[in-house]
Amino acid sequence: MRPLLLFVHTRRHPSAILLLVQLIGMLAYPFIEGTPAGQVAFNAFGIVVLAFTIRMVRRTPGEVRVSWALAVPIIALLLAQILFGLRELLAWSSGLEALFYFYAAGSLIAYMMDDELATTDELFAAGATFTLLAWGFTHMYILVQELHPGSFAAAVNPGAPRTWTELNYLSFALLSSTGIGDVIPLTVHARALASVEMLVGLMYLAVVVARLIAFTTRNRIAVGRARKRRMEDWERD
């Protein structure tokens, strides 16, 4: 019964399911990263997120074929890392994952901007899009770190490569414009990418989220006025 309910909710609100899966991953990663088994689980969970994201793109104006074209080589690279421990493929998989998440985020933005209604699924889509953008930039930071070791520093083990969780924390801090935290971009390439993310975060909140809030408020006002008119008509009758 529970799997059936999950399937129904996935069909109705795929954005909500995608957001939930991503949040679960963010909370679970700190417990598993840093160990060989954790890296395997990390990559396997990444494949699961790809599947849910493709399912979500089907509800948007985005092309599912583009998502699959990016997802297939990503899955192959992740499986190669799981089965053979080929860490040198990390830069390639991270770069492709960044493109995949950016495309999915763009598809969701097109979905939210397609009309002047703010549905429940579109409200969930706003959160899922923010998370997709943050994950996309996280993988971009991993790519930069693989190409230019020492691009990021932190208060703990300043010279060590930063983990996915640390870079994801940096990504959320920059995208939400709430600060930078204790993870700092050091090289010019890392700082340029961080600057782009801050701009993207500001534009997303100012244009997409503000538009959804305006439509939600307008819809509630329209519903309230219609209800008031019905009450007045009822009282006159």
Closest non-hydrogen contact found for Leu132 with Leu108 is CD1-CD1, 3.8 Å

Are Met26 and Phe52 connected in the hydrophobic side-chain network, where two residues link if heavy atoms are under 4.5 Å apart?
yes

I'd like to know whether Trp68 forms a side chain to side chain contact (heavy atoms under 4.5 Å, CB included) with Leu50, so could you lay out the CA-CA distance, the side-chain angles of the two residues, the decisive distance to 0.1 Å, and finally the verdict.
CA-CA 9 Å; Trp68 274 114; Leu50 291 177; over 6 Å; no

Can you find a heavy atom in the side chain of Ser171 that is under 4.5 Å from one in the side chain of Glu197?
yes

Could you tell me how the ring of Tyr29 sits relative to the ring of Trp164: parallel (under 30°), tilted (30 to 60°) or perpendicular (over 60°)?
perpendicular

Interatomic distance, NE2@His148 vs CG@Leu143, rounded to 0.5 Å, equals 8.5 Å

Hey, is the main chain of Tyr103 close enough, under 3.5 Å, to the side chain of Ser107 for a donor-acceptor pair?
yes

More than 12 heavy atoms from other groups under 6.0 Å of CZ on Phe124
no

Separation between CD1 (Ile47) and CG (Leu79), nearest 0.5 Å, reads 4.5 Å

Is any side-chain heavy atom of Leu77 closer than 4.5 Å to a side-chain heavy atom of Glu97?
no

Under a 4.5 Å cut-off applied to non-hydrogen side-chain atoms, are Met140 and Phe102 in contact?
yes

Cluster link Ile109 to Met203, ILVMFWY, side chain under 4.5 Å:
yes

Tightest non-hydrogen contact, residues Leu170 and Val183, listed as CD1-O, 3.4 Å

Between the CE atom in Met198 and the CG atom in Leu193, the distance rounded to the nearest 0.5 Å is 10.0 Å

In the single-linkage hydrophobic clustering (I, L, V, M, F, W, Y; side-chain heavy atoms under 4.5 Å), do Phe42 and Phe84 co-cluster?
yes

ILVMFWY cluster, Trp92 and Leu86 together (side-chain gap under 4.5 Å)
yes

With side chains defined as the heavy atoms from C-beta onward, is the minimum distance between Leu202 and Ser177 less than 4.5 Å?
yes

Nearest 0.5 angstrom please: Phe130 CZ to Phe172 CZ, how far?
6.0 Å

Using the six-membered ring wherever Trp is involved, compare the ring planes of Phe152 and Tyr141 and label them parallel, tilted or perpendicular (cut-offs 30° and 60°).
perpendicular

Indicate if Ile142 and Leu186 have the same hydrophobic cluster label, given that clusters are the connected sets of ILVMFWY residues with side-chain heavy-atom separations under 4.5 angstrom.
no

Measure the CG-CD distance between Asp114 and Glu122 for me, rounded to the nearest 0.5 Å.
8.0 Å

How long is the straight-line distance from CD of Gln81 back to CD of Glu88, given to the nearest 0.5 Å?
8.5 Å

For Ser94 and Glu146, does a side-chain donor sit closer than 3.5 Å to a side-chain acceptor?
no

Flag for Tyr111-Asp121: side-chain donor and acceptor within less than 3.5 Å
yes

Could you check if a side-chain atom of Ser93 sits within less than 4.5 angstrom of a side-chain atom of Leu96, using non-hydrogen atoms only?
no

Are any of the side-chain heavy atoms of Phe137 and Val200 separated by less than 4.5 Å?
yes

Asn168 versus Arg162: any side-chain heavy-atom pair under 4.5 Å?
no

